[in-house]
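Just below is one structure, and these are the notes that go with it.
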Amino acid sequence: MKTYNYSSLNSEDINKLVLRNTDSNNAIRETVETIIDAVKKDGDKALKAFALKFDQVDLPALFINKEEIAKLANSIEPEVKKAIDTAYQNIRKFHETQKSREEKTETTIGVTCWRETRAIEKVGLYIPGGSAVLPSTFLMLGIPARIAGCKEIIVCSPPQKNGSINGYIAYVAQRLDIEKVYLVGGAQAVAAMAYGTESITKVDKIFGPGNQFVTMAKTIVQSTSNTAIDMPAGPSEVLVLADETAIPAFVAADLLAQAEHGADSQSILVSTSQHIIDAALKELEKQIDVLPRKEIAAKAMANSYAVLVKDLKEGMLFSNIYAPEHLILASENWQSITADIVNAGSVFLGNLTPESAGDYASGTNHTLPTSAYAKSYSGVSLDSFVKKITFQHISQEGIQNLGPTVEILAEIEGLQAHKNAVTVRLSTKN
Ligand SMILES: NC(=O)c1ccc[n+]([C@@H]2O[C@H](COP(=O)([O-])OP(=O)(O)OC[C@H]3O[C@@H](n4cnc5c(N)ncnc54)[C@H](O)[C@@H]3O)[C@@H](O)[C@H]2O)c1
Ligand SMILES: N[C@H](CO)Cc1c[nH]c[nH+]1
Ligand SMILES: [Zn+2]
């Protein structure tokens, strides 16, 4: 892994360094556009053809129904059920705290304004299942969707080689009371949920992470259909900011945890200490050797780097430009620097807080913005599944009070009909 010295980098170097290798990938865009067009034209037939092409599965049916879900869910080990239940409870507890109720405000005499929350009616959840099946992502998306009260929840996940879903996905589906899981992956799943097919309902908003094909498809459909997306949540990434109080074995483990997601993942180490960088890289060589997904992790690490900085403040400057999906503060001094965090999807504080805890079971959501989108997007939360509608009521006293102001403003914009809508009320006493 290459090490850069922050003091010898100019701003152009830094801007190049923080670019993800997934950015502006025209080949992927072309592939995805072709897939979207085929789904729009041929619906379910295209979905089956893509399952054969990309997942090597000849699907007799496009979905697994409730009875099949129950059978598969029954087959899983009791200790896994217990672990899923624990994660479910913690994620539910944290997301329940996000329910908010806003006060009504009288902005001026007789004029009352407020907002009310309504669930998005139809949502589509994408559960990745290419190189690893992620039931944890199903929990992260399904729990807030249920708390919000979404009426229809469509779930798509790539078919496994046996043309089904695994028992862990089925158990989560059962816990969330999901009727069907569609055996559709990749860009074609996103297109199906954005445009609808014979068997998949068009949804109002699509949620979920995925590989470059999934993320590109989400980016395209949000501007070509009236279906919204949560955010671009692509290949996983982590930035570990470590000082001399970091523990090299922990740092190495955290870098590898995100690297094993995919060859296009990225793990960045920023440290105030050359000794910590050297020791963490040595540890990494040891730890990577025993990983079942070591080839994938090695490719991701080849696409990663370290940066030597003079202190935590300088490290945070770099981190804010990189805007990582996950930021780990591997330091006993983490309290001294949290106020400087501006851009990050989710933050893990101190040497004993592994990022994996947030991936699975601490309670926070693991569906997070990647590729520097943490500069402008938040991760998935209860808010992602609701809309906030504004309301207002104006009384007799209120229209007399506010009306003249509206009349003047409408006048200067040359919008006479707007002005009249007030004037007719001012002249009519109820
Ligand atoms: N940002 C987040 O919050 C977050 C959370 C979890 C996972 N992730 C990321 O999600 C990703 C999951 O990726 P994955 O590949 O394992 O699963 P995936 O489900 O996203 O993608 C698998 C699908 O991709 C399609 N595909 C594969 N090769 C293709 C090709 N050549 N052309 C067109 N389509 C093709 C297939 O339809 C396949 O079913 C990883 O990169 C992981 O890092 C991100
Ligand atoms: N780290 C991923 C988000 O980038 C989420 C995940 C799911 N399973 C394990 N990890
Ligand atoms: Zn992970």
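Both ligands and their constituent atoms are indexed starting at 1 by order of listing.
A salt bridge between Glu116 and Arg118 is present, with a side-chain N of the basic residue lying under 4.0 Å from a carboxylate O of the acidic one. Salt-bridge check for Glu67 with Lys71: failed, with every basic side-chain N at 4.0 Å or more from each acidic carboxylate O. Remark: Asp177 engages Lys66 in a salt bridge, criterion side-chain N to carboxylate O under 4.0 Å.
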Enumerate donor-acceptor pairs with a distance under 3.5 Å from any side-chain N or O in residues 226-240 to protein atoms, sequence neighbours excluded.
residue	atom	partner	partner atom	Å
Asn226	OD1	Lys202	NZ	2.7
Thr227	OG1	Ala194	O	3.3
Thr227	OG1	Lys202	NZ	2.9
Thr227	OG1	Val203	O	2.8
Asp230	OD1	Lys218	NZ	2.7
Asp230	OD2	Gly208	N	2.8
Glu237	OE1	Arg20	NE	3.1
Glu237	OE1	Ser371	N	3.3
Glu237	OE2	Arg20	NH2	2.8
Glu237	OE2	Glu325	N	3.2
Glu237	OE2	Ser371	N	3.3

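Within a 6.0 Å radius of NZ in Lys122, no more than 12 heavy atoms belonging to other residues, nucleotides or ligands are found. Atom CZ of Arg92 has more than 12 heavy atoms from other residues, nucleotides or ligands within 6.0 Å.
Looking only at atom types and distance, the side chain of Asp243 has a donor-acceptor partner in the side chain of Asn333 under 3.5 Å away. A donor atom on one side chain and an acceptor atom on the other are found under 3.5 Å apart for Arg293 and Ser131.
Here the two rings, on Phe385 and Phe207, have centers that are under 6.0 Å apart.
By the 6.0 Å and 45° rule, Lys40 stacks over the aromatic ring of Tyr195.
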Could you walk me through whether Ile91 and Leu139 satisfy the side chain to side chain contact (heavy atoms under 4.5 Å, CB included) test, starting with their C-alpha distance in whole Å, then the side-chain angles of each, then the deciding distance to 0.1 Å, before giving a yes or no? CA-CA 8 Å; Ile91 297 164; Leu139 290 171; 4.0 Å; yes

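Between Phe391 and Trp114, the two ring planes are parallel [angle under 30°; tilted spans 30° to 60°]. A perpendicular orientation is assigned to the rings of Tyr377 and Tyr373, their planes being inclined by more than 60° (bins at 30° and 60°).
Protein atoms of type N/O/S that fall under 2.8 Å from the Zn ion (ligand 3) number 2 in this view.
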Could you go through ligand 1 and note, for every N or O atom, any protein N or O atom closer than 3.5 angstrom, writing the atom names and distance to 0.1 Å, or 'none'?
residue	atom	partner	partner atom	Å
ligand 1	1 (N)	Gly234	O	3.2
ligand 1	1 (N)	Glu325	OE2	3.0
ligand 1	1 (N)	Leu368	O	3.2
ligand 1	3 (O)	Glu325	OE2	3.2
ligand 1	3 (O)	His366	O	3.0
ligand 1	3 (O)	Leu368	N	2.9
ligand 1	15 (O)	Asn211	ND2	3.1
ligand 1	16 (O)	Ser131	N	2.8
ligand 1	17 (O)	Gly130	N	3.0
ligand 1	19 (O)	Tyr126	OH	2.6
ligand 1	19 (O)	Gly129	N	2.9
ligand 1	20 (O)	Asn211	N	2.8
ligand 1	21 (O)	Asn211	ND2	2.9
ligand 1	24 (O)	Asn211	ND2	3.0
ligand 1	37 (O)	Gln188	NE2	3.0
ligand 1	39 (O)	Asp55	OD1	2.6
ligand 1	43 (O)	Ser236	N	2.9
ligand 1	43 (O)	Ser236	OG	2.8

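At a 4.0 Å heavy-atom cut-off, the residues surrounding ligand 2 are Leu134, Ser136, Ser236, Gln258, His261, Glu325, His326, Glu355, Asp359, Tyr360, His366, listed by chain and number.
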